[in-house]
Amino acid sequence: MQQHSKLDTVDEKYQRTLVYCIICLITKEKYVGSTHKPLDKRIAGHIRDRSCSAWQILERGNYKAYVIQHYPCKTLREVLTREGAWQRAYKKSFGEKLVNKKIEGVFLKENPETRQEYSKKYKEEHKEEHSVYYKEYYANHKEEKAVRNKKYRGGHKAEARAYERQPWTCEWCNKGMTLGSKSRHKRTACKSKPTHT
């Protein structure tokens, strides 16, 4: 595993780590975090930082903060991994009541498989809102896109023609044709096309 200095630097302060929960006494929403500071000082930090998802609980003024676990450890990686484990457990138990925007302990830069799984899951979960967003975007930028495409095609006609004339063989029916026919063939003409595509 590749070492990342900030995540894997041993520091004595992590011996004081605790994982905590802030619960809204009105809505029952929860926020799970970790700190090496006294809990009241960490809560004060959240109150000053309105961009943190804990703010939506704290702004109501009717909340309770408690320690879930004292977790003496050595590195930030250990802290975030433990915090993430508790966040996932709370998410499983309380669902949408957990307001954390980010679940800690997933180190995407180090694990390409996890990054791909995360990306795939995110796309699936947000498929509908992405679809709405892109439809609106294209509708609102139709003219700009047309001008941009026309300008691009005008400057790249020779390359486009050369690309479209390259030979291509359909992987489904083994019919030979040019790349310029590929899209239409796959969409309508291919008789061997799998039904799930």
Side-chain angles (χ1 to χ4, degrees), residues 1-9 29 31-33 51-53 56 75-197:
M1 184 187 306
Q2 186 180 358
Q3 294 289 308
H4 292 273
S5 59
K6 186 178 177 188
L7 287 173
D8 296 311
T9 300
E29 290 173 317
Y31 174 88
V32 173
S51 66
C52 179
S53 50
Q56 69 190 62
T75 66
L76 181 58
R77 180 185 302 277
E78 292 174 286
V79 172
L80 296 176
T81 301
R82 177 55 55 154
E83 179 183 347
W86 278 107
Q87 288 170 337
R88 283 186 285 283
Y90 270 58
K91 185 77 170 171
K92 188 174 181 181
S93 297
F94 304 109
E96 296 304 311
K97 292 289 183 184
L98 184 73
V99 299
N100 291 68
K101 292 177 192 168
K102 179 182 177 191
I103 303 296
E104 295 293 352
V106 178
F107 306 104
L108 300 178
K109 288 181 181 175
E110 297 175 5
N111 191 339
E113 294 82 26
T114 304
R115 184 171 44 231
Q116 288 169 346
E117 290 167 20
Y118 179 83
S119 180
K120 186 177 179 182
K121 184 179 175 187
Y122 182 86
K123 285 178 184 173
E124 273 304 310
E125 289 174 355
H126 296 85
K127 197 175 193 175
E128 201 169 300
E129 59 193 82
H130 281 234
S131 174
V132 169
Y133 169 80
Y134 287 116
K135 280 180 185 172
E136 286 177 11
Y137 179 85
Y138 289 127
N140 295 336
H141 297 84
K142 201 179 263 186
E143 290 175 20
E144 291 173 38
K145 191 174 184 328
V147 168
R148 210 169 39 243
N149 287 348
K150 188 175 181 180
K151 184 177 177 183
Y152 179 83
R153 281 193 301 270
H156 295 86
K157 279 183 183 175
E159 292 129 338
R161 282 194 194 115
Y163 174 81
E164 289 174 353
R165 288 181 182 147
Q166 290 179 25
W168 174 77
T169 303
C170 177
E171 66 268 20
W172 298 326
C173 67
N174 287 329
K175 184 177 179 182
M177 64 197 72
T178 63
L179 281 172
S181 306
K182 177 181 175 180
S183 180
R184 183 177 57 234
H185 174 76
K186 282 190 158 188
R187 208 172 41 248
T188 59
C190 186
K191 303 295 183 215
S192 304
K193 178 170 63 172
T195 54
H196 64 275
T197 5

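Since the model is a prediction, treat every value here as computed from it, not as a measurement.
- Here the SG atom belonging to Cys52 is positioned 11.5 Å from the NZ atom belonging to Lys102, to the nearest 0.5 angstrom.
- Residues Val32 and Gln87 come closest through the heavy atom pair O-NE2, 3.0 Å.
- The local environment of NZ in Lys97 is crowded, with over 12 non-hydrogen atoms from other residues, nucleotides or ligands closer than 6.0 Å.
- To the nearest 0.5 Å, the span separating CD on Glu164 from CD on Glu159 amounts to 12.0 Å.
- Between the NZ atom in Lys101 and the OG atom in Ser53 there is a gap of 5.5 Å [rounded to 0.5 Å].
- By the neighbour-count criterion of 12 heavy atoms within 6.0 Å, atom CD of Gln166 is densely surrounded, having more than that number from other residues, nucleotides or ligands.
- The pair Lys145-Glu143 does not count as a salt bridge, with every side-chain nitrogen at least 4.0 angstrom from each carboxylate oxygen.
- In this structure Phe94 satisfies the ring-ring contact (aromatic ring centres under 6.0 Å, His included) test together with Tyr90, sequence neighbours excluded.
- Judged by distance alone, the side chain of Glu104 and the main-chain N or O of Glu83 form no donor-acceptor pair under 3.5 Å.
- A donor-acceptor pair under 3.5 Å is absent between the side-chain atoms of Asn100 and the main chain of Tyr31, judged by distance alone.
- Contacts of Tyr133 classified as ring-ring contact (aromatic ring centres under 6.0 Å, His included), with partners at least two apart in sequence or in another chain: none.
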Result block: side-chain N/O donor-acceptor pairs under 3.5 angstrom for residues 181-189, not counting sequence neighbours:
{"residue": "Ser183", "atom": "OG", "partner": "Arg187", "partner atom": "NH1", "Å": "2.9"}
{"residue": "Lys186", "atom": "NZ", "partner": "Glu171", "partner atom": "OE2", "Å": "2.8"}
{"residue": "Thr188", "atom": "OG1", "partner": "Arg184", "partner atom": "O", "Å": "2.9"}

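- With rounding to the nearest 0.5 angstrom, the OG1 atom of Thr75 is 7.5 Å from the CG atom of Leu7.
- Around atom CD of Glu96, no more than 12 heavy atoms belonging to other residues, nucleotides or ligands sit under 6.0 Å away.
- Atom CG in Leu98 sits 5.5 Å away from atom CD1 in Ile103 (nearest 0.5 Å).
- Glu78 and Thr81 form no side-chain donor-acceptor contact under 3.5 Å, judged by distance and modelled atom types alone.
- Here OG1 of Thr178 is found 14.0 Å from CZ of Arg161. Values are rounded to the nearest 0.5 Å.
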